[in-house]
Each structure stands twice: as C-alpha cells, then as structure tokens.
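Numbering of residues begins at 1 and proceeds along the displayed sequence. Not measured: the values here are computed from a predicted model.
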Amino acid sequence: MRTIRVETSSATILLTEAPEPKIRDRQTGEIAKDAHSGEALMRVGVVYIEEGESSLLHVTVPESGVSEGLSLGAPVSLPGLVARPWESVFNGQQRHGIAFRAAAVAPGAVPAGVGA
C-alpha cells in the first residue's frame, strides 16, 4: 500500500499517551518488530492540531526513535510522519483505517503564530 507523507510544520502536536511497546499478538504479548530492521516498535498517542481542528492519533515509532525528556501534554515533533491506508478482514468483518508511523518522537515546540 502507498504511504502518504504528512506535513507537520504548521501543526501543533501534543503528547497524550507515553510511549509503550506496540503489541503484535494480544494473546501471547508478542512485541511488534520492524519488518526490515527487526527493531522493537513503540506506540505513542498524540493530539494533532492544525487550522483549528484536532485529531487523536496513535503513531508507531522504532524504539531507538523515542527521545528522552518526553512529557505528557507537552509539544512533540514526529519527523518522517507518514500515513498508510489499510484494510483487512477479521472474523468475517471488513475493517479499514489509517496507520501512522514516524521515524522518531522528540520534544518539540508550538509553531510560531499559534495562539497569537
């Protein structure tokens, strides 16, 4: 499936859920790993605010891309953020959505002019 780059320079992104391991199999507790590098994957929750609209997102990042000093409610940056549409059939039910992935999650800043 095609990935779509997400331009974040004019958005405010706030951390709403601390990084935690992304679970591949809920029954066994197996941690998801990157298909190419084998590195463990983490999941973070953010609120993405742009042009007066907000969305709650879960973003997958590699474990090595999680920076120190992240605080809940604080601005973060998500370099290399991409969106990838997905669909699957589970127990006879068709499901679909958008998965978000970034190269890292790091402390960020509120864009200039926001709230002014």
Restricting to non-hydrogen atoms, name the atom on [X] and the atom on [Y] that form the minimum distance, rounded to 0.1 Å.
X	Y	value
Ala104	Pro79	O-CD, 3.4 Å
Leu15	Gly45	CD1-O, 3.5 Å
Val66	Met42	CG2-CG, 3.9 Å
Ala18	Leu72	N-CD2, 3.5 Å
Lys22	Thr60	NZ-OG1, 3.2 Å
Pro21	Ile31	CB-CD1, 3.5 Å

Interatomic distance, [X] atom [atom1] to [Y] atom [atom2] [nearest 0.5 angstrom]:
X	Y	atom1	atom2	answer
Leu81	Arg5	CG	CZ	12.0 Å
His58	Thr16	NE2	OG1	6.5 Å
Leu57	Arg43	CG	CZ	11.0 Å
Tyr48	Leu14	OH	CG	12.0 Å
Leu78	Thr8	CG	OG1	7.0 Å
Glu87	Gln94	CD	CD	5.0 Å

Can you pull the salt bridge (charged side-chain N to carboxylate O under 4.0 Å, His left out) pairs that have at least one residue in residues 92-101, sequence neighbours excluded?
->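 Those involving residues 92-101 are Asp34-Arg101.
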
Could you list the residues that satisfy salt bridge (Lys or Arg N to Asp or Glu O under 4.0 Å) with Glu63, not counting sequence neighbours?
->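 Scan of Glu63 (salt bridge (Lys or Arg N to Asp or Glu O under 4.0 Å), adjacent residues dropped) gives none.
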
Tell me yes or no: between the side chains of Glu7 and Ser9, is some donor less than 3.5 Å from an acceptor?
->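 A donor-acceptor contact under 3.5 Å links the two side chains.
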
Could you tell me which residues satisfy side-chain hydrogen bond (donor to acceptor under 3.5 Å, both in side chains) with Ser77, sequence neighbours excluded, listed by chain and number?
->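 side-chain hydrogen bond (donor to acceptor under 3.5 Å, both in side chains) check on Ser77 returns nothing, list empty.
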
Same cluster or not: [X] versus [Y], using hydrophobic residues (I, L, V, M, F, W, Y) connected whenever any side-chain heavy atoms lie under 4.5 Å apart?
X	Y	answer
Val76	Val47	no
Leu56	Val44	no
Val61	Val6	yes

For residues Leu70 and Pro107, determine if any side-chain heavy atom of one lies less than 4.5 Å from a side-chain heavy atom of the other.
->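 Heavy-atom side-chain distance check passes, below 4.5 Å.
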
Indicate yes or no: at least one non-hydrogen side-chain atom of His96 is less than 4.5 angstrom from one of Pro85.
->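 Heavy-atom side-chain distance check fails, nothing below 4.5 Å.
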
Between Thr3 (side chain) and Arg84 (backbone), is there a donor-acceptor pair under 3.5 Å?
->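 No, Thr3 side chain to Arg84 backbone: no donor-acceptor pair under 3.5 Å.
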
Take Val59 and Val105 through the side chain to side chain contact (heavy atoms under 4.5 Å, CB included) test and state the conclusion after the steps.
-> CA-CA 9 Å; Val59 181; Val105 57; over 6 Å; no

